[in-house]
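Have a look at the structure below, then the notes.
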Amino acid sequence: MRGLAVTIELTLLSMLCASTLAIMMAFGRSYGKQPLPFIALIYEKIFRGIPLIVIFILVYFGLAQIGILIDAFSAAIIGLALHSTAYQIQIYRSAINSIPEGQVIAAQSLGMSKLQAIRYILLPQMLRLSIPGWSNEFTIILKDTSIAIAIGVVELMRQGRYVIVREPSVALYILLVVALIYFIFVFTINRGLSYLEKRYHISGLEITKAR
Amino acid sequence: MPMLDVKNIHKSFETTEVLKGISFSMEKEETKVIIGTSGTGKSTLLRCLNQLDPPDEGEVWLDGEELTNPSIDINRIRQKIGFVFQDFNLFNHLTALRNVSIGLEKVKQLNKEKARERAMDELKRVGLEKQINQYPAQLSGGQKQRVGIARALAMDPDIILFDEPTSALDPELIGDVLDVMKSLYGKVAMLIVTHEMGFARNVADEIIFMEGGVIVEKGPPKQMFQSPTKQRTKEFLGRIATLYGAE
Ligand SMILES: Nc1ncnc2c1ncn2[C@@H]1O[C@H](COP(=O)(O)OP(=O)(O)OP(=O)(O)O)[C@@H](O)[C@H]1O
Ligand SMILES: [Mg+2]
């Protein structure tokens with residue numbers, strides 16, 4: 001029963017953080033001036049490439065390493081939020097991009113600033129369009145949370161603290177290397193897959209045309 | 001000093017120069033119509049005027065202020081330049097009334113009640129008092145465009161730019177929109193890009209014929225239609241008469 005309460009709490013809090021962050025980044029990517037789109041893009045690539053568990057550990061021990069001590073619960077929220085943000089950016093971005101740009105131009109023609117146009121014209125429509133994707137992501141976070149609890153992430157972190165305290169510099173180094181390896185691995189696989197997807201698509205088109 | 005003064009505007013996209021030195025001016029409450037073939041830079045010119053697409057070279061002056069000066073507060077200036085779009089660009093999540101009042105509230109800082117009243121007046125003016133609570137998706141094309149005109153009018157602009165306001169409409173709906181535009185004649189300056197030659201002939205104070213990024217010829221409708229001085233103007237008007245039906 002305690003576990004359930006914690007799960008719900010974790011889900012709601014990390015969802016709230018992730019949605020806020022992802023909405024800002026999505027607007028940054030579609031309507032921001034450089035370097036905002038670039039930063040959002042890099043963020044998305046990196047955090048989609050690192051497995052959730054590695055993010056948890058990085059957040060918890062990484063922060064401890066630079067002198068910020070947080071409890072395992074907060075670390076779990078931050079980790080979940082950082083992870084989910086990377087996925088939610090896509091949801092909001094496709095919603096934003098489906099709203100005709102002409103509406104922003106019309107708003108600017110009335111004398112609205114870009115920020116006002118986003119706030120009063122894009123945001124309300126974007127939120128409505130994102131509901132399906134958002135509720136989908138909600139269930140994903142819910143699952144991730146309970147997995148995190150079930151496999152004892154919170155407990156794991158408490159234990160790990162001792163390692164850090166004993167061997168501070170080595171621990172962070174190892175963590176970062178592990179994260180990097182994971183990232184490169186996932187990134188390469190993703191690249192390979194999307195390359196295959198493209199090839200497949202084009203050849204598929206040719207087939208339909210040939211018929 | 002004219003109200004709007006456009007001096008030697010140049011604009012390129014990548015390597016192609018779309019506008020190659022456009023100059024003209026407009027007085028208060030004057031109506032001018034721009035005609036010309038597709039791809040000649042008419043829309044680009046309108047967007048250069050309110051700095052949605054700032055020109056590469058040249059100056060735009062409105063009411064003694066230089067809009068092409070990068071340090072000007074362009075959001076303040078744009079309130080004075082209405083824009084009516086070919087595909088309406090209404091705000092899909094707002095009712096007709098809110099489409100018109102949102103600029104009054106958020107830009108002109110009117111309170112909700114005042115903005116509502118003013119928006120209601122403008123919608124009445126374009127004949128849509130019955131549609132105020134409908135959303136854009138529930139309106140016909142002609143009604144949408146009249147909301148677009150009311151939205152521009154509500155800001156009390158010095159000039160309204162129209163970019164082919166009737167091109168996306170079914171023929172039977174064009175008349176309603178043109179009637180509204182006619183009713184504005186002499187009340188606000190209008191710069192209108194259109195292929196409606198009948199309207200141009202009857203309403204415009206001056207017709208500007210553009211081709212290849214320059215103004216080929218301009219003059220009062222009578223002169224332009226009856227005795228154009230340039231061969232190109234003659235050809236274009238002849239062609240458009242067969243395309244859109246001569247009057
Ligand atoms: N944002 C842009 N980027 C690149 N090229 C552009 C852009 N906008 C317009 N152009 C090009 O500039 C030229 C002029 O376009 P513009 O839309 O101003 O013509 P137009 O006279 O309004 O034509 P139409 O009657 O079809 O509306 C076209 O060749 C177009 O392809
Ligand atoms: Mg055009």
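Everything quoted here is computed from the prediction, not taken from an experiment. A note on names: the letters A, B, ... follow the listed sequences, proteins ahead of strands, and every chain is numbered from 1. The analysis underlying the following values was restricted to heavy atoms, covering all of them including side chains, and did not include hydrogens, waters or symmetry mates.
- Contacts between Phe91(B) and chain A at a heavy-atom distance below 4.5 Å involve backbone atoms as well as side-chain atoms.
- In terms of modelled atom types and a separation under 3.5 Å, the side chain of His93(B) and the main chain of Met126(A) share no donor-acceptor contact.
- Interatomic distance, CG of Asn89(B) versus CD1 of Ile121(A), reported as 11.0 Å (0.5 Å rounding).
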Would Phe83(B) and Ile105(A) count as a side-chain contact (heavy atoms from CB on, under 4.5 Å) here? Give the steps. CA-CA 10 Å; Phe83(B) 208 116; Ile105(A) 292 172; over 6 Å; no
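- Note that OG of Ser113(A) is 12.0 Å distant from NZ of Lys106(B), once rounded to the nearest 0.5 Å.
- The environment of Phe13(B) atom CZ is dense: over 12 non-hydrogen atoms of other residues, nucleotides or ligands sit within 6.0 angstrom.
- Contact of Arg128(A) with chain B is made through the side chain alone, with heavy-atom distances under 4.5 Å.
- Closest heavy-atom contact between Met155(B) and Leu110(A): CE-O, 3.2 Å.
- For Leu90(B), the part lying near chain A is the backbone, with the side chain staying farther off; criterion is any non-hydrogen pair under 4.5 Å.
- Here the CD-CG distance, from Gln125(A) to Leu94(B), works out to 7.5 Å after rounding to the nearest 0.5 Å.
- Gln108(A) touches chain B through backbone and side chain together, each having a heavy atom under 4.5 Å away.
- Within the 4.5 angstrom heavy-atom criterion, no atom of Asp73(B) approaches chain A.
- Of all the heavy atoms in Met112(A) and Val107(B), the pair that sits closest is CG-CG2, 3.6 Å.
- Under a cut-off of 6.0 angstrom, the local environment of CD in Glu65(B) is crowded, with over 12 non-hydrogen atoms contributed by other residues, nucleotides or ligands.
- More than 12 non-hydrogen atoms from other residues, nucleotides or ligands lie less than 6.0 angstrom from CZ of Arg98(B).
- Residues from residues 30-37 of chain A never place a non-hydrogen atom less than 4.5 Å from a non-hydrogen atom of chain B.
- Contact of Ile81(B) with chain A is made through the backbone alone, with heavy-atom distances under 4.5 Å.
- Taking CG of Leu52(B) as the reference point, atom OG of Ser109(A) lies at 4.5 Å (rounded to 0.5 Å).
- For chain A, the nearby parts of Arg151(B) are the backbone and the side chain; heavy atoms of each come within less than 4.5 Å.
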